[in-house]
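Please read the structure below before turning to the comments.
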Amino acid sequence: LVTLGVGVDTFRPITEARIDDHRIHREWFSVARESLATIDMCRASGGRVIAVGTTSVRVLESLYGSPGHVERAPSSNGTICGTTGLYITPGYCFKAVDALITNFHLPRTSLLALVMAFGGVDRVRDAYAEAIRRRYRFFSFGDAMFLEAPSANGVPERRQGGNDLR
């Protein structure tokens, strides 16, 4: 189980001219140690981590890819708890997640910035154009898409290994 307490900043429009100038607040998360053990075993055996939702991506990348953004809180119930301030924008190097299932998000939001960072700006723009053409439903209760992380040559890559966070 991976949980992120989503705050209003997640949905707040980016009003700055450069997305890198936008700031988001810290959000609370919890992850069952059992879930991290499963992820570690999956990665060690060459499997792929498929996140459902951008919030799951943010938590996993915070723990595995950018632990400097995490402030841990004490926990006695078998979970890792804390807050994250990780803001993922195009150019971010993903270390934990290999594929993503997510909604079609509002323009100029941190959610869309994360999706574009994951799938590539041009690929995501093309997907959105196709979704508009086909009249897909957007936003939190709309249609979803499946994205694989592209490698340097544009072909999805399989990453192995991982960090044992237990």
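Just so you know, these numbers come straight off a predicted model, no measurement behind them.
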**Item:** Exam field: side chain Tyr87 to backbone Ile19, donor-acceptor pair closer than 3.5 Å
**Value:** yes
**Prompt:** Hey, is the main chain of Val31 close enough, under 3.5 Å, to the side chain of Ser35 for a donor-acceptor pair?
**Reply:** no
**Message:** With a 3.5 Å distance limit and no angle check, can you tell me whether Arg108 reaches the backbone of Pro13 through a side-chain donor-acceptor pair?
**Reply:** no
**Verdict with supporting geometry, Val57 and Val115, side-chain contact (heavy atoms from CB on, under 4.5 Å)** = CA-CA 10 Å; Val57 172; Val115 170; over 6 Å; no
**Message:** Measuring from atom CG of Asp122 to atom CE of Met116, what distance do you get when rounded to the nearest 0.5 angstrom?
**Reply:** 8.5 Å
**Prompt:** Is there a side-chain contact between Phe146 and Ile50 (heavy atoms, below 4.5 Å)?
**Reply:** yes
**Prompt:** Step by step, would you call Asn103 with Tyr136 a side-chain hydrogen bond (donor to acceptor under 3.5 Å, both in side chains)?
**Reply:** CA-CA 10 Å; Asn103 300 98; Tyr136 285 8; over 6 Å; no
**Request:** May I ask you to test the Ile24-Arg58 pair for a side-chain heavy-atom distance under 4.5 Å?
**Result:** yes
**Request:** Examine Ile101 and Phe94 and state if one hydrophobic cluster contains both, with Ile, Leu, Val, Met, Phe, Trp and Tyr joined whenever side-chain heavy atoms are less than 4.5 Å apart.
**Result:** no
**Request:** Would you give the length of the straight line joining atom OG1 of Thr102 to atom CG of Leu147, rounded to the nearest 0.5 angstrom?
**Result:** 8.0 Å
**Asked** Tell me, do Tyr92 and Leu114 make a side-chain contact under 4.5 Å, heavy atoms counted?
**Response** no
**Any donor-acceptor N/O pair, Glu61 side chain to Lys95 backbone, under 3.5 Å** = yes
**Electrostatic pair Asp98-Arg43, nearest N-O below 4.0 angstrom** = yes
**Request:** To the nearest 0.5 Å, tell me how far His22 NE2 sits from Ile14 CD1.
**Result:** 5.0 Å
**Asked** Which heavy atom in Val97 sits nearest to a heavy atom in Phe118, and how many Å separate them?
**Response** O-CE1, 3.6 Å
**Item:** Over all atoms of both residues, closest heavy-atom pair of Ile80 and Arg33
**Value:** CG1-NH1, 3.7 Å
**Item:** Side-chain (Arg134) to main-chain (Glu130) donor-acceptor, under 3.5 angstrom
**Value:** no
**Message:** Could you report the tightest heavy-atom contact between Leu112 and Tyr128, atom names first, then the distance?
**Reply:** CD1-OH, 3.4 Å
**Prompt:** Is Glu16 paired with Arg23 through a side-chain N to carboxylate O contact shorter than 4.0 Å?
**Reply:** no
**Asked** Okay, side chain of Thr79, backbone of Cys81: is any donor-acceptor separation there less than 3.5 Å?
**Response** no
**Message:** Can you tell me how far apart CG (Leu100) and OG1 (Thr54) are? Round to the nearest 0.5 Å.
**Reply:** 7.5 Å
**Message:** Holding to side chain to side chain donor-acceptor pair (under 3.5 Å), I want the full list of residues that pass it with Asp126, two or more places apart in sequence or in another chain.
**Reply:** none
**Request:** To the nearest 0.5 Å, tell me how far Cys93 SG sits from Ile88 CD1.
**Result:** 11.0 Å
**Message:** Within the structure provided, determine whether Tyr64 and Ile39 are in side-chain contact (heavy-atom separation under 4.5 Å).
**Reply:** yes
**Request:** Identify the heavy atoms of Phe104 and Ala131 that sit nearest to each other, and give their distance.
**Result:** CE2-CB, 3.6 Å
**Request:** I would like to know whether Thr109 and Leu106 meet side-chain contact (heavy atoms from CB on, under 4.5 Å); could you show each step before the answer?
**Result:** CA-CA 6 Å; Thr109 60; Leu106 287 167; 3.7 Å; yes
**Request:** Looking only at non-hydrogen atoms, find the nearest pair between Ala113 and Pro90 and report the distance.
**Result:** O-CD, 3.7 Å
**Prompt:** Rounded to the nearest 0.5 Å, how far does CE of Met41 lie from OG of Ser45?
**Reply:** 8.5 Å
**Request:** Give the cluster check for Val52 versus Phe29: same hydrophobic cluster or not, with ILVMFWY residues linked at side-chain heavy-atom distances below 4.5 Å.
**Result:** no
